[in-house]
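Heads up: the structure comes next, in structure tokens.
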Amino acid sequence: MRKFKVAVVGATGAVGLEMIKMLESRNFPTESIKFLASESSIGKKLIYNGEKITVELLTKKSGKGIDIALFSAGATVSKEFAPYFVADDCFVIDNSSAWRMEKDIPLVVPEVNSHDLKKDKKLIANPNCSTIQMVVALKPIHDFAKIKRVIVSTYQSVSGAGQKGINELTEQVKAWAKGESIPTANKFQYQIAFNLIPQIDVFTDNGYTKEEMKMTNETKKIMGDNSIEVSATCVRVPVFRSHSENIWIETEKPISLQEAKELLSKAEGIQLMDEPKSKKYPMPLFAENMQTIYVGRVRADISTKNNALMFWVVSDNLLKGAALNAVQIAETLVKNELI
Ligand code: NAP
Ligand code: 3JN
């Protein structure tokens, strides 16, 4: 079996570290691996398959001789460096929003649109974490009954805001537990410990935040259907890991509760966890470090006679929401002989 020369850009970050774990644990066929980050990480050592690898500085020449690069160093870094990697004939799977809505760049969740991956499209965008877990759950229902409209509220963990987000919740909770005054917010707009913040990313002119508009726009592109209307409210919650979503959908064709549960239970990448009488429903603590998207609380909306369902979706944002989806894209390139 062919093996690949792989690079992880942003290897020292919250997502990068999970990418390394995913490549290792899923036995991605690596001939060699390079870890790249900013100046502040040069010389740091990270372990890959028991071997100590020294972190190197990302430069415009880092893509030379690399087959696949997984980027998670933010949109500015991707905009600046990814084109050099592609020019060096390297596939780039980019976790940032830099390229997601560009017409000729595939935006891929393998369970939904692996057909968008092509041999000659070397730059591939990984969607936003909240979009990924939602579209995997929407896909089987859309194929059966055509979804017209989605209203979603998210409950997003602090790890979505990177290592600084994780540190901020940790420090605030520690201070509270010691009876000290809680340090002022820095990464988030307000104190996140014991609070909810209905703002993720900056506000746009229509009153939605950028994070909310990512869910609207990316869903249409991944599902290949511009007619799906999505209205999102994204909320930061004091949870370390895993994003949760309350999703309401309206379909064109009728779909019974039983049909929806059956479709969800058979769908790739999903585990239906829906036994409310025995208190079985997905929760962030349960989904942490898991590679599955959990769906529960599936029910028909009693407020309307239209074809409307509601359900609750939980998934590890650093895994399926970022690192795992990126590695699955790489695996699909290999499996479909596109690389
Ligand atoms: P993080 O914990 O803050 O890590 C950022 C990483 O980027 C670090 O490895 C950092 O290296 C590296 N970096 C920053 N500036 C760099 C530069 N100029 N050159 C090279 N490397 C640089 O953030 P994270 O949570 O891992 O997220 C990273 C990015 O991934 C986000 O900005 C976002 O674009 C994307 N992301 C996507 C999703 C998604 O929904 N799919 C979810 C989360 C994040 P140092 O340690 O050396 O500073
Ligand atoms: O906040 C979250 O839960 C997800 C955050 C994602 C994120 C954070 C910083 C920059 C993104 C993203 O993936 O959309 C970006 C970005 O690349 O714009």
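Keep in mind that this is a model prediction, so the values were computed, not measured. Order of listing sets the numbers, starting from 1, for every ligand and every atom in it.
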Query - Ile200 neighbourhood, listing ligand 2 atoms whose heavy-atom distance to it stays under 4.0 Å - result: 1 (O)

Query raised in the report: Among Asp94, Asn95, Leu58, whose heavy atom sits nearest atom 35 (C) of ligand 1?
Result: Asn95

Query raised in the report: Taking the inter-plane angle between the rings of Phe4 and Phe28 on a 0 to 90° scale, is it parallel (under 30°), tilted (30 to 60°) or perpendicular (over 60°)?
Result: tilted

Query raised in the report: Is the Trp312-Tyr155 ring centre distance short of 6.0 angstrom?
Result: yes

Query raised in the report: Quick one: which ligand 2 atoms are inside 4.0 Å of a heavy atom on Ser97?
Result: 16 (C), 17 (O), 18 (O)

Query raised in the report: Hey, which atoms in ligand 1 end up nearer than 4.0 Å to a heavy atom of Val77?
Result: 15 (N), 16 (C), 17 (C), 18 (N)

Query raised in the report: Do any nitrogen or oxygen atoms of Lys44 lie less than 3.5 angstrom from nitrogen or oxygen atoms of ligand 1?
Result: no

Requested in this report: Output yes when the distance from some N or O of ligand 1 to some N or O of Thr12 is under 3.5 Å, and no in every other case.
Outcome: yes

Report summary line: Ranking Ala326, Ala14, Ser97, Ala125 by closest non-hydrogen atom to atom 1 (P) of ligand 1, top hit is Ala14

Query raised in the report: At a 4.0 Å cut-off, with the gap strictly under it, does some heavy atom of Pro127 reach an atom of ligand 1?
Result: yes

Report task. Would you mind finding which of Ala322, Ser72, Ser159 brings a heavy atom closest to atom 6 (C) of ligand 1? Result -> Ser72

Query raised in the report: Quick one: does Gly13 get an N or O within less than 3.5 Å of an N or O on ligand 1?
Result: yes

Query raised in the report: Taking only heavy atoms of Gly321, which atoms of ligand 1 are found under 4.0 Å from at least one of them?
Result: 39 (C), 40 (O), 41 (N)

Query raised in the report: Of the choices Ala37, Cys129, Ala75, which has the non-hydrogen atom that lies closest to atom 40 (O) of ligand 1?
Result: Cys129

Query - Contact atoms of ligand 2, heavy-atom distance to Glu211 under 4.0 Å - result: 2 (C), 4 (C)

Report summary line: For Arg236, the atoms of ligand 2 under 4.0 Å from one of its heavy atoms are 1 (O), 2 (C), 3 (O)

Query raised in the report: Which ligand 2 atoms are under 4.0 Å away from a heavy-atom of Ser96?
Result: 17 (O)

Requested in this report: Could you tell me whether Leu57 atom CG has more than 12 heavy atoms of other residues or ligands within 6.0 Å of it?
Outcome: yes

Query raised in the report: side-chain contact (heavy atoms from CB on, under 4.5 Å) between Glu262 and Glu259: does it pass, once the steps are laid out?
Result: CA-CA 5 Å; Glu262 176 92 6; Glu259 284 167 331; 5.6 Å; no

Query - Atom indices of ligand 2, in the order listed, that fall short of 4.0 Å to a heavy atom of Arg100 - result: 12 (C), 13 (O), 14 (O)

Requested in this report: Below 4.0 angstrom from a heavy atom of Asn128, which ligand 2 atoms are there? Numbered from 1 as shown, please.
Outcome: 6 (C), 12 (C), 13 (O), 14 (O)

Report task. Could you list which atoms of ligand 2 come closer than 4.0 Å to a heavy atom of Asn95? Result -> 13 (O)

**Report entry** N/O separation below 3.5 Å, Leu36 to ligand 1
**Finding:** no

